[in-house]
Amino acid sequence: MSFGKGTAAFLDTSIQIARVVHDAGVKARIKERTAPYNLLVTSGIVKQEYKRRLLEEVQWCLNQLNDPKKPKTFEALFRHVTDFLPPQQERKRNICTQICHTVLSVSGRGDMTERARRHFRTLLRTGMALFELGVGYVVPDCGCACANHPIIEEKPYQRYDFGPTQCTKCADRCAVGDFLTNQGELLNEIRAKLDALPTSLKLKADKKPTELGKFAEFLTAYLDRGVDPVEMNPCLTVGDLLIALESRNIPHFYTMNGKESQFFCRWLGQTLIVRRRFPAHEDIVCKASDEAWPSFS
Amino acid sequence: MSYAVTGSEGTSTAEAKSMGPLIVFNAGNNEASPTYRFLDYQRRDFTAAPAVERMRPDTQSKYAKKADQKAKLRRDVARRKIIRATTEAEGMIAAAESEEPTRVNNLTYKLRDTLQDLWEMRHDREEDWSDILNALQIVLERDEVGGFSVPQCKAIRDVIVDHLTLMSVDGVDLEECIVVLALSGLDPFEGASPTGADESTIDDEVDP
């Protein structure tokens, strides 16, 4: 068997999105961080999240410009995104703001609404190619059917088929169940560590589960009650858990969101690198061998 | 582009390739130099079929009927503009090769104006052609000091010559253009900074 050798880093969804639509400063920082690695790795679940979180928002922006009753101008769309999206939709607002900012450089050339429509369509057409550009390997272990469905342009500038977003809708092609079966004792170990976390990290003030709480509930249902994982739509509901499992053999994990990753990386013996939102800020490197890490929220 | 094979453990490369890409990671104990091992496999290259060999739909704009003499004239004007754009892009390459940033900058302004003239004529062409032109204009607007490198100037020239000059283009041309531009470091989706806040006062994500 022939082998090559080198250093590798795993890029999670936030980094993959930032590599496409963030500003030049953040992109340069990510490039600088990833350049020394011989191999950049990402995964099928990351691809699925990238489609759902970035490209579906691009479709939403396009729909706002195309609305048959009240078509927005680009300026109105931008104002709507920045001023009127509610705080509960913070992620949507952040991503849509980034998407709108990608059009602004041609603002002096006029026809902004038309340019924005064309630009959004271009991003929808090329988004999946850009996802893999510069990445050496996409871990296929989960066999995520949602991720593998291509984006089909049914009607240019208007209708795009992103494929299913729920495992139950493509159960015959979804291999997440097999993937979890192959994890062996690791799932029990992660569940035990999740159980040992303080309740405040697993329950919000309104008693609804946090992301970590959802992971614990999912593992309990799967391991103790034998619930078919596909029925729980894991790539939609516990994506970060699956991404952690997919990345487990890659020594460095690069993300812009350390909130959940700080636990998984620690448990899986990975070095966590957190890219902060502002280009002037340095990455936070939490080495696997360090005893104490900063806390991310 | 492929990784070099550095060792052998009994299975031939051909056999390994037939198994598909498979990576075996080994973090080892040396954190400073985490290692992985992987079977020899081809990295993905974005090499679509050459533009001229693919069948494209006849998608001339509804505004450009063949019998329309004015449309013919407009197409001739557009053809001349594209030739001019090609010349300007070639000039940018020569200026970048001879390390003359001022000339690159001046030619960039000229090319922007030429492309803007083409943008005004976009209704004579199919939507994909206009999308390619829009993407090219966006990357050209990014640069304010004429700092395009030789590979970037070549990518700009290639998009003009290989795609904008064609009688008909399709969505695959659009994808190829974006990849050609991105590979040269020209980024059509680069956003302006989303915040006007004083960055030094904001401690994002990390708990105090």
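Side chains included, hydrogens not; waters and symmetry mates left out as well; all remaining heavy atoms used. Every chain is numbered from 1, with letters handed out A, B, ... down the list of sequences. Just so it is clear, the structure is predicted and the values come from calculations on it, not from any experiment.
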- Say you draw a straight line from CZ of A:R117 to OG of B:S130; how long is it, rounded to the nearest 0.5 Å? 11.0 Å
- Message: Do A:T122 and B:L174 have side chains that approach each other closer than 4.5 Å (heavy atoms only, starting at C-beta)?
- Response: yes
- Could you look at A:R121 and say if it's the side chain, the backbone, both or neither that has a heavy atom under 4.5 Å from chain B? side chain
- Item | All side chain to side chain donor-acceptor pair (under 3.5 Å) counterparts of A:E260, not counting sequence neighbours | none
- Starting from the C-alpha separation in whole Å, work towards a yes-or-no answer on side chain to side chain contact (heavy atoms under 4.5 Å, CB included) for B:E190 and A:H22. CA-CA 6 Å; B:E190 188 174 280; A:H22 272 231; over 6 Å; no
- Message: Quick check on B:E99: does its CD atom have over 12 non-hydrogen neighbours (other residues, nucleotides or ligands) under 6.0 Å away?
- Response: no
- Heavy-atom closest pair, residues B:F189 and A:T102: O-CG2, 3.0 Å
- Starting at CG of B:D131, measure out to OH of A:Y157 and round the result to the nearest 0.5 Å. 3.0 Å
- Query: Under 6.0 Å from the NZ atom of A:K92, do we count more than 12 heavy atoms belonging to anything else shown?
  - Reply: yes
- Item | Minimum side-chain heavy-atom gap B:I132-A:R118 below 4.5 Å | no
- Item | With sequence neighbours excluded, residues passing side chain to side chain donor-acceptor pair (under 3.5 Å) with A:R115 | B:Q116, B:N134, B:Q137
- Query: Do you know which two heavy atoms are closest between B:P188 and A:H119, and how far apart they sit?
  - Reply: O-CE1, 3.0 Å
- Message: If you count heavy-atom pairs within less than 4.5 Å of chain B, which of A:V21, A:N94, A:V103, A:D111 leads?
- Response: A:D111
- In terms of heavy-atom contacts, does CZ of B:R84 have more than 12 from other residues, nucleotides or ligands at under 6.0 Å? no
- Step through the shown structure and confirm whether more than 12 heavy atoms of other residues, nucleotides or ligands are within 6.0 Å of CZ on B:R79. yes
- Task: Could you grab the distance from atom CG of A:L123 to atom CD1 of B:I178, nearest 0.5 Å is fine?
- Result: 9.0 Å
